[in-house]
Amino acid sequence: MIKVWDYKKEYQLLRDDILEAVDNVFQSGILIFGPNVEEFEKKFSSYHDSKFGIGVGNCTDAITISLKALGVTSDSEVITTSNTAVPTVTGIVNAGASVRFVDINEYSLIDVNKIEKAINKKTKAIIPVHLYGQMCEMDKIMELASKYNLKVIEDCAQSHGATYKGKKAGSIGDVGCFSFYPTKIFGAYGDGGFITTNNEQIHDKIKRIRFLGMEKKKMSSGHWNGKYYAVEHGTNSRLDEVHAAILLKKLKYLDEWIERRRNLATIYNKELKNTSLELPIEHPDNRHAYYIYVVKHNERDKIMSELTKKDIHLNISYPWPIHIMDAYKHFECESCNCSRKNSKEDTCNLLTETEISSRKVFSLPMYPTLTDEEQNIVIKEIKNILM
Ligand SMILES: Cc1ncc(COP(=O)(O)O)c(C=O)c1O
């Protein structure tokens, strides 16, 4: 069987290191907010060319906390793409804001040429989602943010280690939000998330919000109380010591693993270029980290079921765009007059590329421990079906 994702081979390679890390934490007696979180915050933010980093419970929380820290409120609108994982939108709605969707380009990323039309008086922020491992065109996004005084929250859940014009994901906008969900390029053995920023004030505010809005306070006796005084409304979202210790062990392999992903992508590109599959395009300004290798085909379902019969398992990211989902179809798209709200139609005449893509996309097995032999089987079986 060839799985679309598998952590067990990686775990066998790192088992001794990981068990040592876990044991050290358990022996230390410090499970929350300890030296591992502190060290990981320094190292992971520095790896992403950012001055500050804050560990949180997951990336959905990272997005909500960041929006709140950046002043997004219930009368704000946030621009993002409908071709994303649901949590991008969950994060926005949890911050109380509304969502305005913009269509995608040939890279399956937010079409930067369509963002300006979607900006209005309520717009407070843009969330470019660096989907599939590739970064959005950040120059144009930062130019618009500066022109209209908007905040930029990079959704880096799928783009650890990716670069745009040599700059790492999470280092260009006001903040970058990362996920350590196990399947990710850089995953934990459970949930985890992270926020990067180069701004000290934003860092301080995010740090406060992630832990119940609390600060140290002097008591009437004159003594400083640890931290049990909420100066603002926050939430409870922490990366724990066990996961920080595990991620510290894994960090030294990240570059090597991304290189392996890129090699696998190069082989898929070469071997599948003469088939009827539409292959992913890497923007010339980007270093794609290939979280997933996404192809498109009109006969997706047939190809997938044929491959499943051969015990090759694939995935669809994502079968439905967010704007057609019951939970979010009330949000309007860019300056849209198609009134989806009042009709039975799910489709939006301004998000056509997103809709077309969702009917064709699927991803081939892609992870550093996928062997050359396994990849050859996948390629051979796809060619058998298509040729
Ligand atoms: C693009 C994107 N944003 C946000 C998230 C949320 O990450 P988490 O599961 O850590 O909350 C994910 C994870 O699925 C994602 O893929």
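We're numbering straight along the sequence, starting at 1.
- The pair K329-D326 counts as a salt bridge, with a side-chain nitrogen and a carboxylate oxygen less than 4.0 angstrom apart.
- A distance of 6.0 Å or more separates the ring centres of Y132 and Y107.
- Each of K302, K309, K310 was compared with E306 under the salt bridge (charged side-chain N to carboxylate O under 4.0 Å, His left out) criterion, and only K309 meets it.
- For K383, the NZ atom counts as densely surrounded, since its 6.0 Å shell holds more than 12 non-hydrogen atoms of other residues, nucleotides or ligands.
- The aromatic rings of F331 and Y328 lie parallel to each other, with less than 30° between the two planes, well short of the 60° mark.
- Checking side-chain atoms of N83 against main-chain N and O of I104 turns up no donor-acceptor pair under 3.5 Å.
- Residues satisfying the side chain to side chain donor-acceptor pair (under 3.5 Å) criterion with H283, sequence neighbours excluded, are absent altogether.
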message: Walk me through whether E282 and R287 qualify under salt bridge (charged side-chain N to carboxylate O under 4.0 Å, His left out).
response: CA-CA 8 Å; E282 182 165 342; R287 185 168 185 273; over 6 Å; no
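- Ring centroids of F178 and H48 are separated by less than 6.0 Å, placing the two rings close together.
- If you look at F180 and F44, their ring centroids are closer than 6.0 Å.
- At a threshold of 4.0 Å, the pair E215-R208 counts as salt-bridged, since one of the basic side-chain nitrogens sits closer than that to a carboxylate oxygen.
- Applying the side-chain contact (heavy atoms from CB on, under 4.5 Å) test between V78 and each of I153, T88, V99, L67 identifies L67 as the sole match.
- Geometrically, K296 does not engage F362 in a cation-pi contact defined by less than 6.0 Å to the ring centre and at most 45° from the axis.
- In summary, the side chains of E154 and H130 do present a donor paired with an acceptor at a separation below 3.5 Å, with no hydrogens or angles considered.
- Here the side chains of M366 and W5 are not in contact, with every heavy-atom distance at 4.5 Å or above.
- For the pair K250 and E10, the salt-bridge criterion is met [side-chain N within less than 4.0 Å of a carboxylate O].
- Looking only at atom types and distance, the side chain of N298 has no donor-acceptor partner in the side chain of R300 under 3.5 Å away.
- Within 6.0 Å of CG on N236 lie more than 12 heavy atoms contributed by other residues, nucleotides or ligands.
- Taking the side-chain contact (heavy atoms from CB on, under 4.5 Å) definition, one finds that S46 meets it with nothing, sequence neighbours left out.
- Taking the side-chain contact (heavy atoms from CB on, under 4.5 Å) definition, one finds that N199 meets it with T197, Q201, I202, sequence neighbours left out.
- Ring centroids of Y293 and Y367 are separated by 6.0 Å or more, keeping the two rings apart.
- Side-chain atoms of S45 come within 3.5 Å of backbone N or O of E41 as a donor-acceptor pair.
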